[in-house]
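Reading through the structure tokens given below for one structure.
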4 protein chains.
Amino acid sequence: MPATTTSVDAAAETECAPRRGRPRSAGVDEALLTATLELATEVGVNGMSMDVLAQRVGVSKATIYRRWPSKEALVLDALQHAIKPFEQVDTGTLRGDLDLYLGELAERMTNGSASDILPHLIEVSVRDEMLRASLDDYVRMRRQPLRTIIERAMGRGELPADTDVDVLLDAIISPFIYRRLLSHDAMDDDFVRRLVALVLPGI
Amino acid sequence: MPATTTSVDAAAETECAPRRGRPRSAGVDEALLTATLELATEVGVNGMSMDVLAQRVGVSKATIYRRWPSKEALVLDALQHAIKPFEQVDTGTLRGDLDLYLGELAERMTNGSASDILPHLIEVSVRDEMLRASLDDYVRMRRQPLRTIIERAMGRGELPADTDVDVLLDAIISPFIYRRLLSHDAMDDDFVRRLVALVLPGI
Amino acid sequence: MPATTTSVDAAAETECAPRRGRPRSAGVDEALLTATLELATEVGVNGMSMDVLAQRVGVSKATIYRRWPSKEALVLDALQHAIKPFEQVDTGTLRGDLDLYLGELAERMTNGSASDILPHLIEVSVRDEMLRASLDDYVRMRRQPLRTIIERAMGRGELPADTDVDVLLDAIISPFIYRRLLSHDAMDDDFVRRLVALVLPGI
Amino acid sequence: MPATTTSVDAAAETECAPRRGRPRSAGVDEALLTATLELATEVGVNGMSMDVLAQRVGVSKATIYRRWPSKEALVLDALQHAIKPFEQVDTGTLRGDLDLYLGELAERMTNGSASDILPHLIEVSVRDEMLRASLDDYVRMRRQPLRTIIERAMGRGELPADTDVDVLLDAIISPFIYRRLLSHDAMDDDFVRRLVALVLPGI
DNA sequence: GATTAACCGAGACGGTACGTCACGTCTTTAA
DNA sequence: TTAAAGACGTGACGTACCGTCTCGGTTAATC
């Protein structure tokens, strides 16, 4: 499980060095990530000041910057931390898997607050090489469950062996992002059904 | 032609009111929009300071804030102002229209500087009702050329009359946005061909 | 009759030139001086903005600056305009004259609002040659009534012929200014009596 | 020792509180007060901008506003800080004391730069309760040396026991202020001599 | 137990941008 | 020519935030 490159993973440090001196306070990482998510969701990433965050958690700013190199690194970590992994969908049929997965995706996209953070990270990543890499990782990770569903269906023969998986993933996932960020159109069951009908007309 | 809600359209005002007092300096709007686009592209929207912008255009900050209520309103207006409308594509066939249109879209997405501004506006629009409305307008406008192409093809019988146009537009356009903003994958000819093959398999 | 050097006196202009074009609106000078005094008294000279003043009088800023070269010139003119000249005191005795004059001076200093403007003019006059000259004129004028009283008393023999008038005036008037501007001590009848007892012990 | 109400006196805080956090940079208060006096003297209080002041001292504006709530509070503090206390005059006779003290007062009033700041503070104090209190303190303090001289002379019998000290102080000091701020008349030895001859004719 | 090194809170620091405000000038149309 | 309206450049204001630094004071592992 992904020790991100932007945050210093406490556990990882513990195992490789004896670490003299006072150890980092337990639970502070957790508390900060949670509070970051809350605050960023409430008032936006730009609206969230590090001073306020520190005060709310009862921590000094130095303590934050000892753990993350910048506000954005913290925010990205908070975003990654917030993902409840999709529990592995496996109904036995492509139809069933898609219904389950895309239904939950639509629901998350519609109600999930965390996504409000994404635009900020996208913006900063335009100028920040480091952050862009982390963001790419994050994005790739989010595609994995659907990729598994597709590939399993190919294995079962429900989809042709020469299916263009990458583009298929794009065509399925990106409309969700697009509607969430840009057009603000609804993502209801009807939308999901029509999208599947379009890109996977056979089933 | 869309007089946006965020900027005061000089022409519109001229026609409805006698306009007393010293009129707005001619060309300043134009110069500011252009410079905004340049600066925002060079250093990012956040990196662009209103003081520097004013100085570069040879204008006072007050003059800017007299025209736009905030930095974001200005940036959005600059973005809308920057769109060179797609010249109407009409090769006679859906195949030809798509090749032309999507080719240019891919090229713009890859090299177009303006898109760096989009993420910033997306972020702010999450919290700013007004801006979100303007952004929605902008997005809808950008979809129009492709919609025309599709509907023309339906008229010619190249596409079935019950084609789900809205979702089809989503499925075609959003992967470009997705790759531009999130996955940073390439948008070459190969990608375009494969995407079309997926969503419009017949053609 | 106080045609100040800082303001263009409407009457004076009328008599020396035929003045082509639209004549200056009558009463505007008066209205501006009055409003200036009011505003400056309400919110202080610094707190009074020319825009607000213009709006309140229903006049454009250009109209003001056509009449006075600067805010301070206007304010000074307003101050001079506001002085109700002391009606000539002449009771026949020094004692009586002083009682009357100093009593009214104390009352004006205590309740007069106009004096709040003085400190501002003093400050600006430090850096403004022109204004300082005008202010000096104003000050000298204010001393005149008391000077007359003293000199009349000398003529009557109530005061020795070698009385040091200038310093005597200083010693009498300046404590009023001092208490008004700096120490904020009271200026009641008792104070007047004691001051006279000090500088004019014989009477 | 005058811990002013407008500035946070570092020493005072140290003794009463444990002082957590990074301590205020040493010498910055001093440097700011000095530079303020210089700048205000050079270009006037209004002509002195906080940005320039900060830059000249090599300090950020926030650092200034952390120490004083406003420009005026800073300026007043600078003024109080600048007073070189009159070394206690004691020649043994009233005559000698007055010659010494008033001579220096006249010299300071004539050449002293600090007094240019006073008019500004007077103006602001009209609207600012807080500042007025501080200014009153300052004024009272400045009167003290002369008060001592007078009272000592009373003790020696050089002045009658029922001398009206307060009004006497007014009558001596205020003409200096008056000439400095308003009439701009000279304050030479002759003036001092004549003033003393007037208010203290016996000696 | 003493040392030591990293931690902790608080909060001051330099830098930089923000959006507002006022002054005095300039440029329109209307009278 | 003057008037009202109001845009203009200049430049200061005081606030906010970032990321760094500096205090005095813990808190373990090492000596």
Side-chain angles (χ1 to χ4, degrees), chain A residues 17-25 28 46-55 57-72, chain B residues 18-26 28 46-55 58-71, chain C residues 17-25 28 46-55 57-72, chain D residues 18-26 28 46-55 57-67 69-71:
Chain A
R19 309 293 274 118
R20 296 225 310 173
R22 175 173 172 175
R24 298 231 171 126
S25 294
V28 168
N46 269 329
M48 172 189 90
S49 88
M50 298 300 269
D51 291 79
V52 168
L53 174 65
Q55 198 161 17
V57 179
V59 140
S60 82
K61 266 201 294 181
T63 299
I64 303 180
Y65 282 99
R66 211 174 286 120
R67 290 164 160 80
W68 294 274
S70 72
K71 185 177 179 178
E72 268 71 37
Chain B
R19 303 295 283 117
R20 299 223 291 173
R22 175 173 174 175
R24 297 258 169 101
S25 292
V28 167
N46 270 329
M48 172 188 90
S49 92
M50 298 302 269
D51 291 80
V52 169
L53 174 65
Q55 199 161 15
V59 138
S60 78
K61 253 197 308 181
T63 297
I64 303 180
Y65 281 102
R66 211 174 286 120
R67 288 166 158 79
W68 294 274
S70 71
K71 190 176 176 176
Chain C
R19 308 298 272 123
R20 299 223 307 168
R22 174 172 173 175
R24 295 218 174 142
S25 296
V28 168
N46 269 328
M48 172 189 88
S49 88
M50 298 301 269
D51 291 80
V52 169
L53 175 65
Q55 199 161 16
V57 179
V59 139
S60 83
K61 266 200 298 179
T63 299
I64 303 179
Y65 282 100
R66 211 172 288 119
R67 287 164 161 79
W68 293 273
S70 72
K71 185 178 177 176
E72 268 70 38
Chain D
R19 302 295 284 121
R20 299 223 286 174
R22 175 173 173 174
R24 298 259 169 100
S25 293
V28 167
N46 270 329
M48 172 188 89
S49 91
M50 298 302 267
D51 291 80
V52 168
L53 174 65
Q55 201 160 14
V57 179
V59 139
S60 79
K61 254 199 303 182
T63 297
I64 304 180
Y65 282 100
R66 212 173 285 121
R67 288 165 159 77
S70 70
K71 189 176 174 175

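Just so we're clear, the structure is a prediction, and the values are computed from it rather than from any experiment. Sequence lines set the chain letters: A, B, ... in the order given, protein chains first and strands last, and positions in each chain run from 1.
Contact check, R67(B) against dC8(F): a side-chain N or O comes under 4.0 Å of OP1 or OP2. An OP1 or OP2 oxygen of dA5(F) is reached within less than 4.0 angstrom by no side-chain nitrogen or oxygen of S60(C). Contact between the side-chain N/O atoms of T63(D) and the OP1/OP2 oxygens of dG14(E) is found at a separation under 4.0 Å. Close to dC8(E), at under 4.0 Å from its OP1 or OP2, lies a side-chain N or O of R66(A).
For the side-chain contact (heavy atoms from CB on, under 4.5 Å) test, residues two or more places apart in sequence or in another chain that qualify with T63(B) are V28(B), V59(B), S60(B), R66(B), R67(B).
DNA chain F is contacted by both E72(A) and G21(D); E72(A) maps to the nucleotide lying nearer its 5′ end (nearest heavy atom per residue).
Expressed to the nearest 0.5 Å, how far NZ of K61(A) lies from OG of S49(A) amounts to 8.0 Å.
Counting atom types as modelled, K61(C) pairs a side-chain N or O with a base atom of dG24(E) as donor and acceptor under 3.5 Å. Evaluation of atom-type donor-acceptor distances gives no pair under 3.5 Å for the side chain of R22(B) against the base of dC8(F). Not a single donor-acceptor pair, N or O on each side, falls under 3.5 Å between the base of dC7(E) and the side chain of R24(A).
Among the nucleotides dA17(E), dC21(F), dC23(E), the one closest to the side chain of S49(C) is dC23(E).
Within the 4.0 angstrom heavy-atom criterion, only backbone atoms of the sugar-phosphate kind lie near K71(C); the bases stay farther away. Note on V28(D): nothing from the nucleic acid sits closer than 4.0 angstrom, heavy atoms only. When heavy atoms are screened at a 4.0 angstrom cut-off, S25(D) is found touching the sugar-phosphate backbone but no base atom. V59(C) comes within contact range of the sugar-phosphate backbone alone, with a heavy-atom separation under 4.0 Å but no base atom that close.
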